[in-house]
Amino acid sequence: MERPRHQGMAKNTNMRWRLPLVCLLWEVAMIVLFGVFVRFGPEADAHWEEEKQEMNLTSDIENDFYFRYPSFQDVHVMIFVGFGFLMTFLKRYGFGAVGFNFLLAAFGIQWALLMQGWFHSFKNGKILIGVENLINADFCVGSVCIAFGAILGKTSPIQLLVMTLFQVTLFSVNEYILLNLLHVKDAGGSMTIHTFGAYFGLTVTRILYRPNLEQSKDKQGSVYHSDLFAMIGTLYLWMYWPSFNSAISDHGDAQHRSAINTYCSLAACVLTTMAFSSMLQKKGKLDMVHIQNATLAGGVAVGTSAEMMLTPYGSLIVGSISGIVSTVGYVYFTPFLESRLHIQDTCGIHNLHAMPGLIGGIVGAITAAAATEDVYGKEGFIKAFDFTGMYRTRTPSIQGGFQAAGIVVSLLMAFAGGGIVGGILKLPIWGDAAAENCFEDDVRPGPGGSGALPQVPEDEESDVYHMHNPDKPASP
Amino acid sequence: MERPRHQGMAKNTNMRWRLPLVCLLWEVAMIVLFGVFVRFGPEADAHWEEEKQEMNLTSDIENDFYFRYPSFQDVHVMIFVGFGFLMTFLKRYGFGAVGFNFLLAAFGIQWALLMQGWFHSFKNGKILIGVENLINADFCVGSVCIAFGAILGKTSPIQLLVMTLFQVTLFSVNEYILLNLLHVKDAGGSMTIHTFGAYFGLTVTRILYRPNLEQSKDKQGSVYHSDLFAMIGTLYLWMYWPSFNSAISDHGDAQHRSAINTYCSLAACVLTTMAFSSMLQKKGKLDMVHIQNATLAGGVAVGTSAEMMLTPYGSLIVGSISGIVSTVGYVYFTPFLESRLHIQDTCGIHNLHAMPGLIGGIVGAITAAAATEDVYGKEGFIKAFDFTGMYRTRTPSIQGGFQAAGIVVSLLMAFAGGGIVGGILKLPIWGDAAAENCFEDDVRPGPGGSGALPQVPEDEESDVYHMHNPDKPASP
Amino acid sequence: MERPRHQGMAKNTNMRWRLPLVCLLWEVAMIVLFGVFVRFGPEADAHWEEEKQEMNLTSDIENDFYFRYPSFQDVHVMIFVGFGFLMTFLKRYGFGAVGFNFLLAAFGIQWALLMQGWFHSFKNGKILIGVENLINADFCVGSVCIAFGAILGKTSPIQLLVMTLFQVTLFSVNEYILLNLLHVKDAGGSMTIHTFGAYFGLTVTRILYRPNLEQSKDKQGSVYHSDLFAMIGTLYLWMYWPSFNSAISDHGDAQHRSAINTYCSLAACVLTTMAFSSMLQKKGKLDMVHIQNATLAGGVAVGTSAEMMLTPYGSLIVGSISGIVSTVGYVYFTPFLESRLHIQDTCGIHNLHAMPGLIGGIVGAITAAAATEDVYGKEGFIKAFDFTGMYRTRTPSIQGGFQAAGIVVSLLMAFAGGGIVGGILKLPIWGDAAAENCFEDDVRPGPGGSGALPQVPEDEESDVYHMHNPDKPASP
């Protein structure tokens with residue numbers, strides 16, 4: 001406790017004002033930008049009554065809200081409870097995981113509504129939003145939550161907000177390149193969300209490498225109840241992943257198909273994960289880390305292809321393989337990444353998102369290349385790949401090639417973006433945590449404690465536990 | 001343990017029979033009243049096939065069930081998991097919070113179906129119920145859960161059931177005055193649910209004031225895991241609040257718009273809460289109490305206006321302000337209320353529901369007064385405010401005035417009702433808890449313990465932990 | 001720790017390979033069988049565009065996906081979080097409960113898609129699946145989760161997988177007999193899921209009876225936080241049960257009605273459970289075991305009749321009775337079953353599923369027998385009981401008789417099937433747990449521990465906690 005901090009204390013004494021300032025300034029910026037740009041889309045605007053007649057809709061039930069809102073809520077739970085609780089496994093960082101995930105996601109969705117809006121929903125100088133925009137904003141933030149997994153416990157909240165700002169921006173650019181310029185399909189985001197988010201986060205954590213983190217290795221473990229909290233995160237991600245992959249697919253059969261493919265892939269993934277977890281442990285025991293994470297790889301790995309005619313048995317195959325790859329990754333690749341490449345990957349996102357994301361991109365390219373009018377039907381074929389307008393003449397094999405190009409673009413954007421953002425985060429102005437404070441919520445009463453505000457009944461509550469904040473002095 | 005109880009023991013010796021008697025008598029009353037009054041509404045009745053033709057509906061999907069059931073389930077989760085777990089932060093009262101919330105809500109929804117049914121769904125001597133009635137019953141009980149937050153840990157289950165009976169009754173009367181007599185819009189219940197529920201609960205806790213509760217201040221704190229359980233409640237409330245505010249809005253654009261406005265408001269609220277939480281703490285730390293509670297104020301504060309054309313940036317502004325007000329409330333108002341006004345507000349509902357509820361009512365009044373045919377469209381304007389029949393000639397500014405009147409009526413009903421019900425709860429017949437037993441589940445093995453029923457294998461389980469019940473003797 | 005194992009160690013030394021082998025072989029079998037048999041149903045296939053025109057559907061919203069997907073997700077949560085966390089109450093078996101439930105359910109849904117598909121969705125040599133098949137697969141696995149409750153903590157994962165294989169098979173046969181041969185209605189599965197699943201599980205645990213389990217009675221207790229985790233399971237089951245009972249009902253009024261009846265029954269059940277829990281405890285305390293379990297009996301007991309015109313007050317009556325029966329069961333029947341009949345029922349499924357399931361079957365038979373054209377309407381009557389084709393002339397009283405026959409068939413299948421499967425599980429090849437390892441996750445570091453892989457940063461995590469696996473030596 002009495003060890004001196006590694007960073008200069010002097011520079012950080014005004015830290016107390018930095019988080020409030022960043023939050024407030026950015027929220028003001030959001031209000032101004034929303035005021036200038038964001039309006040309700042036609043299906044959420046009070047003019048809908050007239051709109052409905054123009055669109056020849058006979059019933060309110062055909063409002064996009066009813067097609068997508070249940071899926072939106074499932075995705076929302078995945079982002080805030082799923083990712084939040086999945087990261088509570090660290091025995092002394094439960095608040096930090098849930099709380100900072102909450103902070104960055106709440107900021108990120110506002111910025112994502114703007115960034116994605118400018119690229120995809122911009123009409124006559126206004127961004128017109130509806131439920132699909134909310135889902136896409138959650139998706140975009142999902143990729144930030146993934147990257148957060150790599151640096152969990154090692155960064156200050158300001159660093160996380162800075163990273164969120166840049167990553168959401170780059171995500172939107174990458175997504176625009178893939179979906180609009182390359183005309184690639186990626187409804188469940190194997191490439192745009194998982195591959196991009198994971199390699200971005202891994203690059204950032206590489207740049208933020210700290211050799212002396214080894215000392216706090218004991219804090220990187222889990223305890224009994226922290227592992228049960230993490231299982232809440234795992235199960236909500238696992239259960240709602242069919243909604244994730246189908247949330248923005250085309251109405252009708254495409255949404256239906258995406259859910260079925262994802263359901264099948266995830267079920268298979270659990271079995272191969274359990275098999276390899278038991279096989280690779282010396283005593284045949286099952287490892288909670290694998291069960292918490294690798295069981296989800298099947299959802300990532302059908303992210304691109306779930307809305308295609310992957311077929312249920314194709315999904316079982318993809319899910320089986322991804323479970324194996326992910327579990328093997330936890331046992332062999334993660335230690336290798338740390339010891340040889342100096343990549344400290346707290347949550348193992350390389351195994352849960354990076355590799356399965358690549359598998360997902362590849363499976364998507366193959367499934368697209370193998371598409372035929374026979375399998376999809378004449379109308380279904382055009383609708384599934386949106387082979388209309390300037391893409392009228394695109395063939396399945398060309399589409400497969402563009403899908404593969406999408407993987408490469410996502411990887412390049414992730415490495416370049418992660419490198420730049422990692423460099424920015426290394427600047428000494430963000431108040432990053434001292435090594436001995438990593439992976440730890442601050443659980444000591446603050447100096448002064450209940451003595452300072454003796455008449456406050458909540459005093460006890462409000463001073464006993466706080467999330468880690470680098471501004472606290474090393475010696476209280 | 002050997003200290004004598006403050007209340008007379010003699011009066012309470014027959015306590016053991018009181019809770020069962022109250023529960024059973026009331027359930028019998030419910031069965032009789034449901035038997036006399038409650039029937040399925042036309043969309044849930046087996047005559048629907050014929051009804052559908054009369055209503056000119058072409059498909060089963062136009063049954064109200066498909067418009068509202070997903071939102072209903074989200075609201076249901078908010079009432080039972082959201083409110084229940086939000087209140088588990090007390091380190092030794094987790095069962096009491098979840099369990100008594102479960103009990104009062106399960107009773108309350110039955111009584112609410114009747115009370116609200118008589119006012120709003122009564123046709124030819126019968127109450128005809130459908131999914132919208134289930135949502136409204138959950139809403140009504142939500143206001144009781146809010147009031148429960150003020151008296152958490154200080155009352156017996158019988159007192160809670162008595163309070164529920166009276167509060168549901170008064171809620172329904174207040175709701176009838178607002179919605180039917182004043183023709184006020186309040187789909188998310190800023191006035192009817194939050195303002196009414198919170199000031200009702202604060203009045204009750206004022207009347208039940210106990211000076212000697214100071215001694216148990218150490219039990220009012222939280223512990224690491226109790227705070228993580230509370231975050232489950234927080235996140236489910238936060239994520240599903242868009243469903244709460246849109247659940248009973250008009251089909252189509254109104255539901256769609258409500259969800260978007262609430263989503264935006266809540267996102268902004270998280271940032272300003274974090275900013276002010278950090279700013280107002282001596283060390284710039286984040287306070288878990290604020291993160292658990294004030295982040296939700298944005299949902300309360302757009303409860304009335306979410307279905308109106310508040311616009312996304314309007315929502316950001318309202319959410320930002322409510323996060324600030326709520327956080328400041330936790331730091332400054334709650335201690336003031338306790339020390340000066342003798343209002344012991346266990347969960348700080350004044351900050352989470354009362355003040356944001358007032359903001360919500362005011363924002364609703366302003367938004368209604370500012371409405372124009374230009375913004376809403378000709379048909380949309382009439383539909384949004386239901387300016388038909390006897391309200392055909394009402395103007396936006398008059399509507400704004402009535403909205404403001406709705407706030408005043410809700411406050412008056414809350415103070416008067418809370419005063420009367422608080423007085424009733426003070427009667428010495430309900431077996432209220434002794435001060436030293438407050439905020440505490442009973443975790444000692446009961447006298448006799450496993451010795452009494454030695455052949456029971458579940459004996460260990462069933463005797464180790466029990467929710468607090470005042471009937472237990474002070475000295476075991 | 002040094003006590004010798006009761007089972008022969010020699011036989012189990014190759015145990016390490018058995019779980020991986022079983023998982024992998026079965027997954028390969030699933031892939032082959034899915035490849036041969038399973039295809040997308042018409043509403044999930046890319047040919048939907050053409051199909052839609054043939055079915056005269058005017059909008060994508062009439063795809064069955066939008067009628068059933070929200071209910072499917074609720075059911076999915078019940079199976080994985082509901083049942084999984086309900087069983088975490090054991091203080092040292094939280095991982096085993098959640099993790100093994102996850103494993104058996106993930107395997108079971110694959111096998112159920114095949115088994116139920118052959119019986120109900122088989123056309124031209126292919127099983128055509130859609131969202132309704134996913135719900136039915138979850139339902140089928142629900143009956144395995146119920147049976148798991150009886151043997152919780154006493155079996156190896158391989159035994160669970162073997163049981164799942166056989167139980168899913170028998171479930172599908174029983175379901176086919178009831179729904180297709182007897183033409184019985186059972187949308188919420190009082191008979192097919194609860195009665196069958198519970199008596200199957202009770203028969204298995206009877207056959208696996210171990211007198212020496214008495215020694216580990218202390219591990220069968222709960223602790224404060226394990227009981228709060230269990231409440232998560234309880235509440236999700238309670239809240240989503242209306243979705244469970246309505247998930248596969250006919251579109252429109254039947255789904256709507258099922259949800260209302262279940263909502264009412266569950267609300268009433270909470271009050272009578274609390275009343276009897278308090279009444280039957282010596283000190284009037286409330287028992288967490290009752291609150292966690294008996295409050296759910298109301299959902300089970302309207303499983304058959306919820307989609308019928310049971311009426312809200314009928315539901316209150318059924319819910320009230322089932323809460324009483326279930327609570328009384330926990331206090332008196334469970335000890336009797338163990339001491340006299342040698343049935344060790346870890347979770348008390350006899351009280352939560354078996355008896356309420358029987359009530360549900362009986363209430364369904366009575367409600368069907370009492371049906372009249374007056375109450376249902378002419379068209380509604382035919383639609384509700386599907387009195388078409390060869391069942392055109394069936395009368396309500398005959399239907400009631402067949403419903404009653406369905407109960408008897410389910411019981412016989414459960415006893416016979418449970419007997420056979422119990423015998424199979426007793427074979428010494430499945431590596432069942434030694435008595436002293438029952439009810440316990442393995443929380444010791446494995447031999448070798450962090451020493452074996454010193455360079456692995458996750459080492460600490462991955463070796464500290466593991467789910468119980470019988471292969472570990474008694475003395476580390």
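If you're wondering where the values come from, they're calculated on a predicted model, not measured in any experiment.
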Item checked: Side chain / backbone / both / neither for C:D60 at chain A, heavy atoms under 4.5 Å -> both
[atom1]-[atom2] distance between [X] and [Y], expressed to the nearest 0.5 angstrom:
X      : Y      : atom1 : atom2 : answer
C:F102 : A:L235 : CZ    : CG    : 5.5 Å
A:I291 : C:F100 : CD1   : CZ    : 7.5 Å
C:L103 : A:M274 : CG    : CE    : 4.5 Å
A:I260 : C:I129 : CD1   : CD1   : 5.0 Å
A:M239 : C:I79  : CE    : CD1   : 11.0 Å
C:I109 : A:Y263 : CD1   : OH    : 3.5 Å

Item checked: Any donor-acceptor N/O pair, A:H256 side chain to C:V131 backbone, under 3.5 Å -> yes
Item checked: Side-chain donor or acceptor of C:Q110 paired with backbone N/O of A:A267 under 3.5 Å -> yes
Could you tell me which portion of [X] (side chain, backbone, both or neither) has an atom closer than 4.5 angstrom to a non-hydrogen atom of chain C?
X      : answer
A:T58  : neither
A:C269 : neither
A:S277 : neither
A:N56  : neither
A:L57  : neither
A:F276 : side chain

Check: Got A:Y376 and C:H47 here, is their nearest side-chain heavy-atom distance under 4.5 Å?
Finding: no
Note to self: When you compare the side chain of A:E379 with that of C:Q53, does any pair of heavy atoms fall below 4.5 Å?
What the structure shows: yes
Nearest heavy atoms of [X] and [Y], plus distance in Å:
X      : Y      : result
A:D253 : C:A46  : OD2-CA, 3.4 Å
C:F40  : A:N261 : CZ-OD1, 3.2 Å
A:L228 : C:F85  : O-CZ, 3.8 Å
C:W48  : A:G252 : NE1-CA, 4.0 Å
A:R257 : C:D45  : NH1-C, 3.4 Å

Contact winner vs chain A - [options], heavy-atom pairs under 4.5 Å:
options                    : answer
C:E27, C:E49, C:M30        : C:E27
C:D64, C:L24, C:I232       : C:L24
C:K52, C:R39, C:E50, C:E43 : C:E43
C:V38, C:V22, C:V81        : C:V81

Notebook entry, point to check: Yes or no on side chain to side chain contact (heavy atoms under 4.5 Å, CB included) for A:L286 and C:L19, after CA distance, side-chain angles and deciding distance?
Noted result: CA-CA 10 Å; A:L286 293 163; C:L19 180 63; 4.1 Å; yes
Check: With ring centroids as reference points, do A:F229 and C:F229 lie under 6.0 angstrom apart?
Finding: yes
Next item on the list: Tell me whether the centres of the aromatic rings in A:F67 and C:Y66 are closer together than 6.0 Å.
Entry: yes
Find the one option among [options] whose heavy-atom pairs under 4.5 Å with chain C are most numerous.
options                        : result
A:Q255, A:Q292, A:E62          : A:Q255
A:A275, A:S246, A:A384         : A:A275
A:G319, A:A268, A:S320, A:G314 : A:A268
A:K378, A:K383, A:M309         : A:M309

Note to self: Does anything in residues 68-77 of chain C reach chain A? List residues with heavy atoms under 4.5 Å apart, or say none.
What the structure shows: C:Y69, C:P70, C:F72, C:Q73, C:H76, C:V77
Check: Taking it one step at a time, do A:Y313 and C:V36 satisfy side chain to side chain contact (heavy atoms under 4.5 Å, CB included)?
Finding: CA-CA 9 Å; A:Y313 71 89; C:V36 175; over 6 Å; no
